[in-house]
Amino acid sequence: MKKLTKRNENYSKWYNEIILRANIAEKSDVRGCMIIKPYGFYIWEKIKSILDNILKYTGHENVYFPLLIPKSYFSKEYNHIKGFAKECAIISHYRLKNYKNKNIIVDKSSKLEDELIVRPTSETIIWNSYKRWINSYRDLPILFNQWANIIRWERRTRLFLRTSEFLWQEGHTAHSTKKEAINQAKKILNIYTNVLENFMAIPVIQGIKTDSEKFAGAEKTYCIESIMQDGKSLQIATSHFLGQNFSKAFDVRYSTEKGNKEYVWATSWGISTRLIGAIIMTHSDDNGLILPPKIAPIQIVIIPVYKTQEQLNLIEKLVFPLKKFLEKIGINIKYDKRIYYTPGWKFNEYEIKGIPIRITIGKKDIDRGTVEVVRRDTLEKKYISINKLKFLIPKILSKIQDNILKVALKRKNNFLIEVDSYEEFIEKIKKNSGFLFAHWDGSSETETKIKVETNATIRCIPINLKKNMGKCIFSKNLSKQRVLFAKSY
RNA sequence: CGGGAUGUAGCGUAGUACGGUUAUCGCGCCUGGUUUGGGACCAGGAGGUCGUAGGUUCGAAUCCUAUCAUCCCGACCA
């Protein structure tokens with residue numbers, strides 16, 4: 001097997017190769033849809049279980065709504081469907097028939113009167129139910145979450161970053177006050193930030209989308225953006241304050257304590273399998289994937305090096321108790337004694353897969369009472385005495401977790417550049433230099449012109465970065481604060 | 001939807017200008033043996049309706065027509 005394409009030679013080729021070679025996913029015969037393989041799906045399951053626990057702990061409940069949505073529901077919220085109309089899959093028939101021999105055709109007599117839309121997101125079908133479930137202030141808040149797949153008919157797709165079908169989590173909440181709904185949207189943004197930074201080691205920037213970039217149907221879209229190694233921005237999560245748009249469209253009112261009828265306030269929010277793309281592009285290097293220990297399906301791999309059965313027996317006398325001990329404290333270990341692959345082959349294989357720690361044990365080690373321990377993030381090789389090993393392993397795992405966050409954080413800060421002239425802006429954006437932090441006059445016209453001329457968009461109006469007055473780099477008009485421009489995935 | 005290109009084994013490919021034995025090579029796969037501390041080696045083996053359909057011809061991967069699919073560039077993209 002040959003080496004991976006290097007990142008600085010062809011970043012997107014490197015990205016595609018790493019997914020195939022690490023056995024995370026592959027393209028399917030269905031255009032724009034991918035097959036997520038066990039190793040990749042395990043990463044998704046880890047992310048899912050971490051977030052799911054936090055959501056449950058903070059009072060959210062999981063539900064499941066149908067995949068298919070009657071077309072008529074969509075027409076109730078015009079702004080919302082406008083954003084999705086061009087990428088909806090429609091079910092118009094429900095039966096096949098055998099034409100001649102093996103030629104299967106659609107049975108035209110099975111045409112549906114009210115066609116069904118494969119969900120691009122579930123606001124409409126969920127709000128149709130909220131109408132029946134919400135009558136009183138006592139019914140609120142409703143904090144529902146759904147783990148599901150959705151379809152958006154994308155013209156151009158990339159594994160994990162933009163696929164026609166993807167897996168996600170969509171939260172849909174209903175509240176009695178505007179303030180509570182806004183707080184909910186912000187709270188979710190913080191939960192996402194926590195999962196990203198503390199578990200996936202991906203440093204992020206919290207912000208608000210401009211009108212042109214916000215979710216169709218939302219009053220305000222909060223978002224999380226992250227910068228990838230190549231200097232392009234990736235939208236990682238969104239949390240929408242929907243105002244009363246859906247409650248008005250679906251006529252969802254509740255009786256207040258005083259007996260008045262009020263429309264309820266809403267939020268929706270989601271993260272998707274796109275996060276797997278973010279992990280790859282945040283942490284990995286030219287040797288392959290680098291996974292944060294907290295979400296790695298396998299945290300440690302042990303590779304025996306042996307010539308005879310007697311040697312293998314000696315090795316296993318050490319390996320089995322160690323494996324048992326570490327598994328007991330919640331560490332996932334793989335012991336790979338396959339004889340038909342050489343140790344050298346395995347070293348490369350597990351490097352591509354990004355397994356945080358590799359332990360090699362051979363006759364030499366047994367004689368010396370040590371094993372060889374290699375960290376995936378630094379590729380640093382150490383010999384550690386067998387006695388100390390079981391206590392040091394958890395420490396090394398947490399060091400790796402900290403270190404890759406630190407590296408990513410440093411890169412993010414280097415990519416964050418203040419720019420005060422349009423000339424400099426154009427020059428930097430040509431080189432994909434990351435987030436350009438520049439003054440903007442707040443108008444959609446300026447935003448569009450900059451986009452047309454430079455291909456850069458306003459990724460967000462940051463929440464936590466300093467605010468000061470200035471002049472718009474494009475129009476020279478007054479600007480209240482700097483915003484983040486970047487090229488994005 | 002506009003412009004360009006490509007379809008040959010699981011993957012990557014040679015062969016196509018100018019039609020002519022049994023369609024080339026590498027990786028991977030299977031069997032046996034030797035190996036095993038950074039992608040081992042030797043020997044043998046399996047695997048193809050050359051995207052699909054039609055046409056021209058004594059003869060088509062190669063020429064013609066249609067069709068399908070994919071990729072790239074653009075447009076579009078909460």
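Just so we're on the same page: letters track the sequence lines, and every chain starts at 1. Note: hydrogens, waters and symmetry copies are ignored here, and every other heavy atom, side chains too, is used.
In this structure, CG of A/Leu312 is placed 15 Å from C1' of B/G37, rounded to the nearest angstrom. Put simply, OH on A/Tyr340 is 14 Å from C1' on B/C30, counting in whole angstrom units. As a whole-Å value, the separation of A/Lys13 NZ from B/G12 C1' is 11 Å. Atom CG in A/Asn23 sits roughly 15 Å away from atom P in B/C11 (whole-Å rounding). Computed from coordinates, the A/Lys346 NZ to B/G38 P distance equals 13 Å when rounded to whole Å. Residue A/Arg31 contributes atom CZ, which lies 15 Å from atom P of B/C68 at whole-angstrom precision. The separation between A/Lys232 atom NZ and B/C77 atom P is 17 Å, rounded to whole Å. In this structure, A/Tyr306 places its OH atom 15 Å from P of B/U35, rounding to the nearest Å.
When the P atom is used for both B/U21 and B/C25, the distance is 16 Å, rounded to whole Å. The separation of B/U70 from B/A60, taken at their C1' atoms, amounts to 24 Å, rounded to a whole angstrom. Across the P atoms, B/C11 and B/G28 are found 16 Å apart, a figure rounded to whole Å. B/C58 and B/U65 are spaced 23 Å apart, taking the C1' atom of each and rounding to whole Å. Nucleotides B/U34 and B/G12 have their C1' atoms positioned 30 Å apart, rounded to a whole Å. Taking atom C1' on both B/U62 and B/A23, the two are 12 Å apart, rounded to the nearest angstrom. Nucleotides B/G15 and B/U31 have their C1' atoms positioned 32 Å apart, rounded to a whole Å. Remark: the separation of the C1' atoms in B/U36 and B/C42 is 16 Å, to the nearest Å.
Out of B/C71, B/G39, B/C77, the shortest distance to the side chain of A/Arg21 is found at B/G39. Side-chain proximity of A/Asn348 to B/C77, B/G37, B/G39: nearest is B/G39. Listed nucleotides B/C77, B/G37, B/G38 differ in distance to A/Pro343; the shortest reach to its side chain belongs to B/G37.
At most 12 heavy atoms of other shown residues, nucleotides or ligands fall within 6.0 angstrom of atom NZ in A/Lys363. The local environment of OH in A/Tyr78 is sparse, with at most 12 non-hydrogen atoms from other residues, nucleotides or ligands closer than 6.0 Å.
The residue A/Arg162 sits close to a base: some heavy atom pair falls under 4.0 Å. Counting any heavy atom pair closer than 4.0 Å across all strands shown, A/Glu351 reaches a base atom. Nucleic acid contact class of A/Glu213 (heavy atoms, under 4.0 Å, all strands): sugar-phosphate only. Within the nucleic acid shown, A/Ile352 comes within 4.0 Å of at least one base atom, counting heavy atoms only. When heavy atoms are screened at a 4.0 angstrom cut-off, A/Ile339 is found touching base atoms of the nucleic acid. Counting any heavy atom pair closer than 4.0 Å across all strands shown, A/Lys337 reaches no nucleic acid atom.
Nucleotide B/A17 has no partner under the Watson-Crick or G-U criteria, as no pair reaches both atom distances under 3.5 Å. With a cut-off of 3.5 Å on both pairing distances, B/C50 has no Watson-Crick or G-U wobble partner at all. For B/G32, the paired nucleotide is B/C42, the pair qualifying as Watson-Crick or G-U wobble because both relevant distances are below 3.5 Å.
When the nearest nucleotides of RNA chain B are assigned to A/Ile150 and A/Thr157 by heavy-atom distance, the more 5′-ward of the two goes with A/Thr157. A residue-by-residue look at A/Tyr341 and A/Lys451 shows that A/Tyr341 has its nearest nucleotide of RNA chain B further toward the 5' end.
A donor-acceptor contact shorter than 3.5 Å links the side chain of A/Asp285 to the backbone of A/Gly288. The main-chain N or O of A/Pro297 is found under 3.5 Å from a side-chain atom of A/Asn332 such that the two form a donor-acceptor pair.
In the region residues 353-365 of chain A, proximity to RNA chain B at under 4.0 angstrom, judged on heavy atoms, holds for A/Arg358, A/Thr360, A/Gly362, A/Lys363, A/Lys364, A/Asp365.
Between A/Phe425 and A/Phe485, the distance from one ring center to the other falls under 6.0 angstrom. The ring of A/Trp127 has its center no closer than 6.0 angstrom to the ring center of A/His80.
Looking at A/Lys451 and A/Glu447, no side-chain N of the basic residue comes within less than 4.0 Å of a carboxylate O on the acidic one, giving no salt bridge. Between A/Asp336 and A/Arg338 there is a salt bridge, with a side-chain nitrogen of the basic residue lying less than 4.0 Å from a carboxylate oxygen of the acidic one. Between A/Arg459 and A/Glu213, at least one side-chain N (NZ, or NE/NH1/NH2) sits under 4.0 Å from a carboxylate O, which counts as a salt bridge. Ion pairing between a basic and an acidic side chain is recognised when a charged N comes within 4.0 Å of a carboxylate O; A/Glu372 and A/Arg358 show such pairing.
B/A17 adopts a syn glycosidic conformation, its chi angle falling within 90° of 0.
Listed pair A/Thr342 / B/A40 meets the phosphate criterion, a side-chain N or O lying under 4.0 Å from OP1 or OP2. Between A/Arg155 and B/G74 there is no side-chain polar atom (N or O) within less than 4.0 angstrom of OP1 or OP2.
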